[in-house]
Each structure stands twice: as structure tokens, then as C-alpha cells.
Trainee: 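Okay, handing you the structure first.
Lettering follows sequence order; numbering is per chain, from 1.
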There are 2 protein chains.
Amino acid sequence: MRERDEQKQKVIKEKAMQMIVKLGIEGFSMQKLAKAANVSPATIYIYFKDKEDLILQLSKETGDKMMEMTFKNFDPSMNFSEGLKLQWMNRAKYCLKYPEHSMFLEQIRHSALHDKFMSTMGANFKANMHAFMANAIKRKELVKLPVEVYWSIAFAPLYNLIKFHMSGKSMGGQKFVFSEKIMMETFELVLKALQP
Amino acid sequence: MRERDEQKQKVIKEKAMQMIVKLGIEGFSMQKLAKAANVSPATIYIYFKDKEDLILQLSKETGDKMMEMTFKNFDPSMNFSEGLKLQWMNRAKYCLKYPEHSMFLEQIRHSALHDKFMSTMGANFKANMHAFMANAIKRKELVKLPVEVYWSIAFAPLYNLIKFHMSGKSMGGQKFVFSEKIMMETFELVLKALQP
DNA sequence: CAAATATAAATGAATATTCATTCACTTAAA
DNA sequence: TTTAAGTGAATGAATATTCATTTATATTTG
């Protein structure tokens with residue numbers, strides 16, 4: 001019996017991600033992928049049921065790693081400003097260390113596959129965040145508000161900065177580069193909004 | 001000489017937008033569009049140079065209308081909290097009145113055509129926003145900060161709420177419906193962050 | 001005023017390419 | 001020797017775009 005060449009699967013996944021990031025899902029095809037990964041189109045079908053399965057598997061792995069890094073060293077019982085800051089740092093670190101992965105996830109988020117992807121995503125992420133919020137509100141370190149409002153203020157600004165950074169420019173087309181200084185300046189204002 | 005049936009072009013554009021919103025750019029094709037709009041594929045090429053031209057024209061028109069509504073009754077010399085509130089109201093109104101248009105623009109924003117689209121977009125939008133910021137800072141109604149930080153705090157939370165609303169759910173997959181109450185609650189916190 | 005002409009709109013079928021996927025086959029190694 | 005990995009070429013459907021015609025109508029003629 002011949003063994004699977006796991007290296008081969010790795011190359012297929014890497015090239016698939018690169019291709020989706022560069023060309024969008026609309027520009028991604030199995031035949032182009034086969035060429036880029038130096039395998040026969042048929043080989044891809046040994047490792048993945050079909051195109052959708054390939055993209056979903058890739059999404060799940062990437063999403064899991066992102067979640068793992070986001071909650072590294074995090075505990076829902078943490079003091080609010082510390083806990084939020086840790087999450088900002090973790091998220092930023094992930095996006096800057098793996099820009100390709102985070103751009104890939106962004107593509108998935110805006111594709112027709114988004115729902116199928118989300119249904120595989122962590123339920124304990126939700127639990128974690130709720131516990132963190134509830135603790136912070138009880139300790140009067142956070143104003144009382146709906147989760148959606150909380151999330152929108154606590155994280156949307158960070159993701160927006162990262163989006164500017166990724167595209168290399170902000171709204172007018174002006175150049176923009178992310179820095180810890182800019183991030184912390186933004187963080188302090190967000191904290192001001194959320195603290196009682 | 002036979003005249004162009006402008007109604008026909010209108011139907012083509014409407015169906016194109018619907019199709020892109022429903023299926024994503026990756027699921028959009030000229031032949032499917034022809035069928036949906038009840039015209040011959042060749043007819044589309046009378047009105048548009050090619051597929052890209054069609055999408056870009058549609059994007060430009062949609063983007064222009066969005067900008068127009070966003071800055072309705074707005075003046076950069078307005079008092080800060082009033083001016084920002086007006087923009088929030090205008091943006092929310094646009095997204096809720098034309099959900100299809102705003103979802104379409106969201107698709108374009110995350111497609112390979114995004115750069116070409118942005119290059120056609122308003123330069124006076126940039127000027128407007130800068131003037132508004134500068135005035136507000138001078139009057140000490142807004143803390144001094146880089147445009148990117150300003151934008152990320154001033155608008156990203158609103159767009160995030162709208163995104164939740166459009167998808168009908170928030171982060172955990174929980175149901176979510178936008179309301180003016182929720183919006184104003186968020187707005188007040190954003191204001192707290194941005195005011196000195 | 002009506003018939004003829006000119007012109008561009010509109011078309012359905014065709015083209016050449018690319019797509020996802022499968023098949024009959026070869027190759028490596030347990 | 002057996003088993004599954006791996007293949008290149010094929011399949012049939014879908015893709016963007018064009019072609020040779022037909023159709024409608026504004027203008028020009030008789």
C-alpha cells in the first residue's frame with residue numbers, strides 16, 4: 001500500500017489560499033489550482049470531495065487557528081480593560097503575522113459559503129465572550145449594553161484599522177500603515193466609550 | 001433609426017444587482033443575466049462593453065447614490081455631534097431603504113474589482129470629511145486624532161450593526177434586528193469616545 | 001402623405017475557452 | 001501481490017463574447 005504524501009495536500013491548501021486571496025473566490029478554479037500545486041486535477045479529488053469541501057476544510061482549519069490565537073492566555077474572569085486589551089493584541093498579532101490567512105477568512109466571510117462556514121464555528125467562543133461581558137458588567141467595569149452594541153464598539157474599530165492596513169490605504173486612497181501606537185490610541189478611546 | 005429601450009437597460013441592471021447580491025460575484029454570469037432579464041446575451045453587449053464594464057458602471061451609480069444620501073443636508077461646518085448624528089442617520093436610512101444596494105456595494109468592496117471601483121469614487125467626499133474633522137477639533141468638540149482612527153471609531157461600529165442587521169444575526173448566530181433605539185445607544189457611546 | 005431607405009437595436013445560434021469532475025490507467029510501496 | 005496514490009486525457013456543462021440576421025423606427029424621398 002502506498003502512503004499519502006501529506007506534503008502534497010499541504011501544497012494544495014497553501015496554493016488554494018494564495019489563489020483565493022489574490023483572485024477572489026470568483027477567480028479560483030480547480031484546474032488552475034492543480035497547475036499551481038503541480039499535481040493532476042484528479043489528485044485534488046483524492047484529498048477533497050469537491051471544490052466546496054476543499055474551501056470549507058481550509059476555512060475551518062484557518063478559522064480554528066484564528067480563534068485559538070485570539071483567545072491565547074485569555075480568561076473570561078479577567079479584569080475588563082486587561083482582557084479586552086489582550087484580545088486586541090492577540091487579534092492584531094494574528095492578522096499581522098498571517099495576513100494571508102486573515103484576508104482569506106475575509107473572502108470567505110463575504111462569499112456564498114459564509115453560512116456553511118459559520119455553522120462549523122466555535123460555540124465556546126460565544127460562551128467565552130458572554131461570560132467576559134457579564135463579569136465586567138457585574139464588576140461595574142463595563143456599561144450595561146446588548147452584545148451586538150458591545151461587539152460593534154469593542155472590535156469593529158480594530159478590524160477597521162486592520163482592514164486599512166491590509167489594503168495599504170484608508171478611505172481616500174491615502175497610504176496607511178498600522179502601528180502599535182495607532183492601535184493603542186484607538187484602544188484607549190474605545191475603552192473610554194465602554195467604561196462606566 | 002431605432003431608439004434604445006432604456007427600460008431594457010434598467011431591467012438588466014436591476015437583475016444584475018439582484019443576482020450578485022444573491023449569488024455573489026462568483027455566481028454571476030452574463031448568460032444567466034440575459035435569461036433573468038429576458039434579453040439576448042448579445043443585447044447586454046450593446047449597453048456594456050463587457051462584464052467588467054457592466055459591474056463597474058453599476059457600482060459607480062450605486063456608490064454615487066449612496067454618497068449623495070450620506071451627505072444629504074450635511075455641511076462640514078456643522079457642530080460635531082449634530083453632524084455626526086446626521087451622517088449616522090443618513091447612512092442607516094440608506095442601508096435600510098436600499099438593502100439590496102448596500103449589500104451589492106459590500107460585495108464589490110470584497111471583490112477583485114474593488115480598486116477599480118474606488119478609483120472612480122468621490123474626491124470631494126474626502127475633502128468634506130477632512131473639513132468636518134478639522135472644524136470640530138478646532139472648536140474642541142472632537143479629540144485630536146489621525147483620520148483613520150477617527151473613521152474607525154466614528155463609523156465602523158455603525159456599519160457593524162448594519163451588517164448584523166442585514167445578515168439577520170450577530171456573532172453567535174443569534175437573531176438580531178436593527179432599531180433606532182439600538183443605534184442611538186451605540187451612537188452615544190461613540191460620541192463619548194470621541195469628545196474631549 | 002405614404003412608400004422607400006437607412007440605421008442602429010435586438011436577436012438566437014455559434015465560437016472558443018474554461019470549468020468541475022471522472023475514468024482508465026500507471027506507479028509506488030507495504 | 002495487493003492496495004491505494006497518483007496521473008493525463010477526456011467529458012459534458014457553463015462561460016464570455018461575437019456573428020450573421022432580423023426588426024423597428026426616424027428620416028428621406030416620391
Trainee: Checking Lys13(A) now: which residues fulfil salt bridge (Lys or Arg N to Asp or Glu O under 4.0 Å) with it, not counting sequence neighbours?
Mentor: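 Listed in chain order: Glu61(A).
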Trainee: Kindly write out the residues that satisfy side-chain hydrogen bond (donor to acceptor under 3.5 Å, both in side chains) with Thr186(B), not counting sequence neighbours, or none if the list is empty.
Mentor: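 With neighbours one apart ignored, the set is empty.
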Trainee: On DNA chain C, which is the earliest and which the latest nucleotide, 5' to 3', with an atom closer than 4.0 Å to a heavy atom of chain A?
Mentor: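 So the contact region on DNA chain C extends dC19(C) to dA30(C).
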Trainee: Going through the checks in order, is the side-chain hydrogen bond (donor to acceptor under 3.5 Å, both in side chains) test met by Asn79(B) and Ser81(B)?
Mentor: CA-CA 6 Å; Asn79(B) 154 285; Ser81(B) 66; 3.3 Å; yes
Trainee: Between Glu68(A) and Lys65(A), is the closest basic N to carboxylate O distance under 4.0 Å?
Mentor: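 A salt bridge is absent here (no side-chain N lies under 4.0 Å from a carboxylate O).
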Trainee: Let me test you: for the helix from dC1(C)-dG30(D) to dA30(C)-dT1(D), what is the angle between the axes at its two ends (five pairs each), rounded to 10 degrees?
Mentor: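 Nearest ten degrees gives 10° for this helix.
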Trainee: Please report, to 0.1 Å, the donor-acceptor pairs under 3.5 Å made by any side chain of residues 85-94 of chain A, with sequence neighbours excluded.
Mentor:
{"from": "Gln87(A)", "atom 1": "OE1", "to": "Arg91(A)", "atom 2": "NH2", "distance (Å)": "3.1"}
{"from": "Trp88(A)", "atom 1": "NE1", "to": "Ala154(A)", "atom 2": "O", "distance (Å)": "2.9"}
{"from": "Asn90(A)", "atom 1": "ND2", "to": "Met69(A)", "atom 2": "O", "distance (Å)": "3.4"}
{"from": "Asn90(A)", "atom 1": "ND2", "to": "Thr70(A)", "atom 2": "O", "distance (Å)": "3.0"}
{"from": "Asn90(A)", "atom 1": "ND2", "to": "Lys72(A)", "atom 2": "O", "distance (Å)": "2.9"}
{"from": "Arg91(A)", "atom 1": "NH1", "to": "Tyr159(A)", "atom 2": "OH", "distance (Å)": "2.8"}

Trainee: Is it true that atom CD of Glu180(B) has more than 12 heavy atoms of other residues, nucleotides or ligands lying nearer than 6.0 Å?
Mentor: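 It does not: Glu180(B) CD has 12 such atoms or fewer within range.
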Trainee: Which sits closer to the 5' end of DNA chain C, Lys32(A) or Ile46(B), going by the nucleotide each is nearest to?
Mentor: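 By nearest-heavy-atom nucleotide position, the 5'-most residue is Ile46(B).
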Trainee: Under 4.0 Å, heavy atom to any atom of DNA chain D: which of residues 3-27 of chain B qualify?
Mentor: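 Nothing qualifies; none.
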Trainee: Any ring pair (Phe, Tyr, Trp, His ring centres under 6.0 Å) involving residues 18-54 of chain B? Give me the pairs, sequence neighbours left out, ordered by first then second residue.
Mentor: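 Sorted pair list comes back empty.
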Trainee: Under 4.0 Å, heavy atom to any atom of DNA chain D: which of residues 48-56 of chain B qualify?
Mentor: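 DNA chain D contact set from residues 48-56 of chain B: Asp50(B), Lys51(B).
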Trainee: Yes or no on side chain to side chain contact (heavy atoms under 4.5 Å, CB included) for Ile25(B) and Ile108(B), after CA distance, side-chain angles and deciding distance?
Mentor: CA-CA 8 Å; Ile25(B) 294 198; Ile108(B) 299 303; 4.0 Å; yes
Trainee: Strictly below 4.0 Å, N to O, side chains only: are Glu106(A) and Lys163(A) in salt-bridge contact?
Mentor: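 A salt bridge is absent here (no side-chain N lies under 4.0 Å from a carboxylate O).
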Trainee: Please report the distance, rounded to the nearest Å, between CD in Gln31(A) and C1' in dT11(D).
Mentor: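 To the nearest whole Å, that distance equals 11 Å.
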Trainee: Counting only heavy atoms and a strict 4.0 angstrom limit, can you tell me which residues of residues 33-45 of chain A come near DNA chain D?
Mentor: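 The stretch gives Val39(A), Ser40(A), Ala42(A), Thr43(A) as the residues lying under 4.0 Å from the strand, ordered by number.
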Trainee: With sequence neighbours left out, write down each residue that passes side-chain contact (heavy atoms from CB on, under 4.5 Å) with Lys22(A), or none if nothing qualifies.
Mentor: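 Scan of Lys22(A) (side-chain contact (heavy atoms from CB on, under 4.5 Å), adjacent residues dropped) gives none.
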Trainee: Tell me every residue that passes side-chain hydrogen bond (donor to acceptor under 3.5 Å, both in side chains) with Asp5(B), counting only those two or more places apart in sequence or in another chain.
Mentor: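 None.
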Trainee: Tell me which donor-acceptor pairs under 3.5 Å the side chains of residues 138-146 of chain A have, and how far apart each pair is, sequence neighbours excluded?
Mentor:
{"from": "Arg139(A)", "atom 1": "NH1", "to": "Met78(A)", "atom 2": "O", "distance (Å)": "3.4"}
{"from": "Arg139(A)", "atom 1": "NH1", "to": "Glu141(A)", "atom 2": "OE1", "distance (Å)": "3.2"}
{"from": "Arg139(A)", "atom 1": "NH2", "to": "Ser77(A)", "atom 2": "O", "distance (Å)": "2.5"}
{"from": "Glu141(A)", "atom 1": "OE1", "to": "Phe80(A)", "atom 2": "N", "distance (Å)": "2.9"}

Trainee: If you count heavy atoms of other groups shown closer than 6.0 angstrom to CD of Glu3(B), is the number above 12?
Mentor: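 Not buried by this count: 12 neighbours or fewer within 6.0 Å.
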Trainee: Assuming nearest nucleotide by heavy-atom distance, tell me which of Arg2(B) and Phe28(B) is located more 5' along DNA chain D.
Mentor: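 Of the two residues, Phe28(B) wins.
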Trainee: Heavy-atom count check: over 12 atoms from other residues, nucleotides or ligands less than 6.0 Å from Lys116(A) NZ?
Mentor: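 Result for NZ/Lys116(A): open.
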Trainee: Check Leu105(A) against Gly63(A) and note the closest heavy-atom contact, atom names and distance.
Mentor: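 Looks like CD2-N, 4.0 Å.
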Trainee: So does Tyr47(A) get a side-chain nitrogen or oxygen closer than 4.0 Å to the phosphate oxygens (OP1/OP2) of dG6(D)?
Mentor: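 Answer yes for this pair, as a side-chain N or O of Tyr47(A) is under 4.0 Å from OP1 or OP2.
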